[in-house]
Amino acid sequence: MRIPLSAPDIRETDIEAVTGVLRSPHLSLGPKLEEFENAIAKYAGTPNAIAVSSGTSGLHLCVRALGIGEGDEVIVPSFTFIAVANAVRHANATPVFVDIEPQALNLDPSKVEAAITSKTRAILAVHTFGCPADMSSIIEIARARGLHTIEDACEAIGAEYDGRKVGTMGDAGVFAFYPNKQITTGEGGAIVTRNSELAVTMRALRNQGRNSSGDWFDCSELGYNYRLSELSCALGVEQLKRIDEVLDRREAIAREYEKRLSGNDSLQLPVLSLPRQRISWFVYVVRLNSRFERSHRDRIWEEMRSRGIGCGRYFAPIHLQPIYRNSGTVNLPHTEATADRVLALPFFNRITDAQIDEVCGTLVEIIGNV
Ligand SMILES: *Cc1c(COP(=O)(O)O)cnc(C)c1O
């Protein structure tokens, strides 16, 4: 793609940091892991951060460390990345899909209650596209019903809700660092939690279930290899140093899109700000209005791509994917209606105003022709 959907922002200082690790004797479980975890914990304001191999493995560890397994249910949105439901299934538990609210496209708290059964153990809320979910309502429901809350903040590092950083309000929260995220470690993720006991369990599960005693043969849990290499941690340390600058830049890009596209009656644009919240811009997702169908959206997506402009169809509902189709009857009207009309536009730190002009000009022209 001439103008990609996303692009990592790698600088000379990042390259030097990674090269420095290669010149050292520690390629895994070394000083960069500790430095990265301390930096994440400090940024989030939690006593614990656990770096892991991906956002998905982070979610899986949250579910496992909370003791959720066979016979248990976890409430999740369907309008999200499939990793969310997969993490629940990998723990032998069942994801129960709940609809989204039509503005920020996050889990609708008013629909959660009806999905709770005697088997429900947790609510897994996702801060979709960097926009905070309504955590005060979700936590209130969870408290009243004795459930855990897990925050998928994989698209939302740095976002704030009522002055609190996302990821820090539930029992545990997860960030992800795949190259399309706000900051990257190549592959990687991190869990943050205020619960230090939970953190001990997560650290053990990350490393084959080995206990913190340091004895490699002292395993009490069936663990995984979810470690993050020193190379990735070194990159993460450098990237995190620039997070404020990155989030400001991304908000400015969203404003540039808004300036060019507002007033177009074929499009519904994402809200630029919400009261008492800070959005951490992950992608800029526009919605076609209701006179368009999925086939129109797909034609627009194809045509943009054929002109060298990367676009995304985020998200395809999880409950409609073949591997989840047998999850019982689900009625998720907002999820399905939204998923048919979304289009993610190119969004990366170094996108230029001229590129944004081209994306918007081309989009408006193509919409006029479908
Ligand atoms: C990126 C992302 C993840 C984690 O993805 P990984 O590729 O495993 O790091 C999880 N949930 C959501 C909503 C995401 O966008």
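Only a predicted model underlies this, so the values are computations on that prediction, with no experimental measurement involved. In each ligand, atom 1 is the first atom listed, and ligand 1 is the first ligand listed.
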Problem - Lys/Arg-Asp/Glu bridge criterion (N-O < 4.0 Å) met for E160, R276 - result: no
Handout entry: Cation over ring face, R299 and F292, 6.0 Å, 45°
Key = no
Exercise for the section: Would you check whether K181 reaches within less than 4.0 Å of ligand 1, judged by its heavy atoms? Expected result: yes
Handout entry: E187, any N or O under 3.5 Å of ligand 1 N or O
Key = no
Handout entry: Geometric N/O contact F81 with ligand 1, under 3.5 angstrom
Key = no
Problem - Residues K111 and E101 bridged, charged N to O under 4.0 Å - result: no
Problem - Under-4.0 Å heavy-atom contact with ligand 1, by part of T80 that carries it - result: side chain
Handout entry: Qualifying residue, where the test is ring pair (Phe, Tyr, Trp, His ring centres under 6.0 Å) with F129 and the options are F315, Y284, W281, F282
Key = F315
Fill in the blank from the handout: Filtering C154, G55, S54 for the heavy atom nearest atom 3 (C) of ligand 1 leaves C154
Handout entry: Separation of L240 CG from T185 OG1 (nearest 0.5 Å)
Key = 11.0 Å
Handout entry: Centroid-centroid under 6.0 Å between F177 and F36 rings
Key = yes
Handout entry: Short N-O contact, E35 and K32, less than 4.0 angstrom
Key = yes
Handout entry: Under 3.5 Å: N/O of D152 near N/O of ligand 1
Key = yes
Completion exercise
Taking only non-hydrogen atoms of A176 and a 4.0 Å limit, the atoms of ligand 1 in range are 4 (C), 9 (O)
Fill in the blank from the handout: of all protein heavy atoms, closest to atom 15 (O) of ligand 1 is E155 OE2, 2.6 Å
Completion exercise
The protein heavy atom nearest to atom 8 (O) of ligand 1 is T56 OG1, 2.4 Å
